[in-house]
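A quick write-up on the structure given underneath.
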Amino acid sequence: MTKLFTKETDLVAAFVECLAKPPKNWDRVPPIGEGWTAYHETAGWDILLSHDETGMQLGIEAKLSLNPKVLDQALIGLKYADRAGPDYRAVLVPRDGCQQHMDRIATHLGIAIITVGKNEGEPGFDIYPHQLPTETQFYWRDLWPSWLPMKRHPLPDYVPDVSGGAAAPVALTPWKVKAIKLMILLERSGYVHRKDMKALDLSPTRWTDCFNGFLVPTPQGYARGDRTPDLKAQHPRNWAEIEADFDEWNPRKGEGA
């Protein structure tokens, strides 16, 4: 078992920290993750990196040891011929968490291995490889096998404000983005109607069911109840971002709401 990390969330946090730094011992080189956006807990990946200019994607599964389970997880979606996928697939493990022979198996499967470790006498962590995949890889191309997907994963409208690697992750799904919009409308007006839910492409049944619905009926409309989810607490940054775009998605636009 690795001695570097006790939780996968700590491993992911160290990796993200490394992305913000230049490669070790390289002068006048930008940070490793410059030009990439990290979407945590997205499309089934602990981290889905997307290149801002080219759209290239790197799907990463994090584990405290390089074992068959994490390799299987990194092969997500292969049973469906038209399933979206990333250009590159990788597993993220501690440098002291690689089981013998598993690195060669991963290489034969076309899965890159990213390790996070410490160098004796030096502060902080560093990662290997020291460079993310590029369209012209040259020296690094053997480390980043390309999967050439038929289509890439669709990206969410907002970068999730969650941490990858959690055992029971709270993901920012497309449904939750729509639900946050409904909750913002509810917070602003005190009530919502079925037509608001339909306008936001939400099923009114889940929200208005008399036994298990998220909202309760009132003379003005549906209001907050005991079962209303606290999405603002789950996603505070995303809530603020979605609320800032209120004028763009407001289903009551033109009604004075």
**OP:** Quick one: do Asp87 and Arg152 satisfy salt bridge (Lys or Arg N to Asp or Glu O under 4.0 Å)? Show the steps, please.
**Re:** CA-CA 7 Å; Asp87 300 80; Arg152 293 168 173 149; 2.8 Å; yes
Original post:
Are Ile32 and Trp36 connected in a single hydrophobic cluster, I mean Ile/Leu/Val/Met/Phe/Trp/Tyr linked by side-chain heavy atoms less than 4.5 Å apart?
Top reply: yes
Subject >> N/O donor-acceptor pair under 3.5 Å between Arg89 side chain and Ile111 backbone >> reply: no
**OP:** Following the transitive rule for hydrophobic clusters with a side-chain heavy-atom cut-off under 4.5 Å over Ile, Leu, Val, Met, Phe, Trp and Tyr, establish whether Val162 and Ile242 coincide in one cluster.
**Re:** no
Subject >> Residues Asp46, Ile60; criterion side chain to side chain contact (heavy atoms under 4.5 Å, CB included); working and verdict >> reply: CA-CA 6 Å; Asp46 288 327; Ile60 302 173; 5.8 Å; no
Original post:
Between Asp10 and Leu4, is any pair of side-chain heavy atoms under 4.5 Å apart?
Top reply: no
Original post:
How many angstroms lie between CD1 in Ile127 and CD in Glu17, if you round to the nearest 0.5 Å?
Top reply: 11.0 Å
**OP:** Answer yes if the side chains of Tyr158 and Asp245 hold a donor-acceptor pair under 3.5 Å, and no otherwise.
**Re:** yes
Subject >> Smallest separation among heavy atoms of Ala84 and Pro154, with atom names >> reply: CB-CD, 4.4 Å
Original post:
Which residue pairs pass the salt bridge (Lys or Arg N to Asp or Glu O under 4.0 Å) test when at least one of the two sits in residues 234-244, sequence neighbours left out?
Top reply: Arg188-Glu243, Arg237-Glu241
Original post:
Out of curiosity, Lys178 NZ to Asp201 CG, how far, rounded to the nearest 0.5 Å?
Top reply: 4.0 Å
Original post:
Can you hop from Leu186 to Val216 via hydrophobic side chains spaced under 4.5 Å?
Top reply: no
Original post:
Minimum heavy-atom separation for Ala62 to Val12, with atom names?
Top reply: CB-CG2, 3.7 Å
Subject >> CG-OG1 distance between Leu64 and Thr6, expressed to the nearest 0.5 angstrom >> reply: 8.0 Å
**OP:** Side-chain contact test, heavy atoms from C-beta onward, threshold under 4.5 Å: evaluate it for Pro129 versus Leu143 and give yes or no.
**Re:** yes
**OP:** Could you please spell out the steps behind the side chain to side chain contact (heavy atoms under 4.5 Å, CB included) verdict for Lys176 and His235?
**Re:** CA-CA 10 Å; Lys176 193 171 287 187; His235 301 280; 3.1 Å; yes
Original post:
How about Thr107 and Arg104: do any of their side-chain heavy atoms sit closer than 4.5 Å?
Top reply: no
Subject >> Parallel, tilted or perpendicular: ring planes of Trp45 versus His153, cut at 30 and 60 degrees >> reply: perpendicular
Original post:
Looking at Trp147 and Gly110, what are the two nearest heavy atoms and their distance?
Top reply: NE1-O, 2.8 Å
**OP:** Mind running side chain to side chain contact (heavy atoms under 4.5 Å, CB included) on Leu182 and Leu202 for me, showing each step along the way?
**Re:** CA-CA 9 Å; Leu182 186 69; Leu202 288 167; 3.9 Å; yes
Original post:
Checking Asn238 side chain against Val159 main chain: does a donor-acceptor pair fall under 3.5 Å?
Top reply: yes
**OP:** Drop me the distance from Ser163's OG to Glu8's CD, to the nearest 0.5 angstrom.
**Re:** 13.0 Å
**OP:** Determine the minimum heavy-atom distance between Gly59 and Pro86, stating which atoms define it.
**Re:** N-CB, 3.6 Å
Original post:
Does Tyr88 belong to the same Ile/Leu/Val/Met/Phe/Trp/Tyr cluster as Tyr128, with side-chain heavy atoms less than 4.5 Å apart forming each link?
Top reply: yes
Subject >> Cluster overlap Leu19 with Met56, hydrophobic side-chain contacts below 4.5 Å >> reply: yes
Original post:
Do side-chain atoms of Arg227 reach the backbone of Trp207 as a donor and acceptor pair under 3.5 angstrom?
Top reply: no
Original post:
Can you check whether Phe214's main-chain N or O pairs, donor with acceptor, with Thr228's side chain at less than 3.5 Å?
Top reply: yes
Original post:
Is Lys232 salt-bridged to Glu187, going by a charged N under 4.0 Å from an acidic O?
Top reply: yes
Original post:
Heavy-atom distance under 4.5 Å between the side chains of Lys63 and Leu11, does that happen here?
Top reply: no
Original post:
Can you tell which of Lys21, Arg95, Lys118 makes a side-chain hydrogen bond (donor to acceptor under 3.5 Å, both in side chains) with Asp126?
Top reply: Arg95
Subject >> Atom of Thr42, atom of His40 and distance for their closest heavy-atom approach >> reply: OG1-O, 3.1 Å
Original post:
Which heavy-atom pair separates Val93 from Cys98 by the least distance, and what is that distance?
Top reply: CG2-SG, 3.9 Å
Original post:
Rounded to the nearest 0.5 Å, what separation is found between the CG atom of Leu48 and the CG atom of Leu155?
Top reply: 6.0 Å
**OP:** Measure the shortest side-chain to side-chain distance between Ile47 and Phe15 over non-hydrogen atoms and say whether it is less than 4.5 angstrom.
**Re:** yes
Original post:
After noting the C-alpha distance and the side-chain angles of Lys181 and Ile184, does the key distance pass the side chain to side chain contact (heavy atoms under 4.5 Å, CB included) rule?
Top reply: CA-CA 5 Å; Lys181 291 178 180 180; Ile184 291 172; 5.6 Å; no
Original post:
What about the rings of Phe125 and Phe5, do their centers lie closer together than 6.0 Å?
Top reply: yes
Original post:
side chain to side chain donor-acceptor pair (under 3.5 Å) with Arg224: which residues, sequence neighbours excluded?
Top reply: none
Subject >> Pairwise side-chain contact, Tyr39 with Leu172, heavy-atom cut-off 4.5 Å (strictly under) >> reply: no
**OP:** Could you tell me whether Arg252 and Asp196 have a side-chain N and a carboxylate O separated by less than 4.0 Å?
**Re:** yes
Original post:
Within the distance-only criterion (no hydrogens, no angle test), does the side chain of Lys253 pair as donor or acceptor with the backbone N or O of Asp247 below 3.5 angstrom?
Top reply: yes
Subject >> Donor-acceptor pair, side chain of His51 and main chain of Glu53, under 3.5 angstrom >> reply: yes
Original post:
Quick one: does Met197's side chain get under 4.5 Å of Tyr222's, heavy atoms only?
Top reply: yes
Original post:
What's the spacing between Gln73 CD and Asn67 CG if we round to 0.5 Å?
Top reply: 8.0 Å
Original post:
Does some side-chain heavy atom of Leu185 sit less than 4.5 Å from a side-chain heavy atom of Pro251?
Top reply: yes
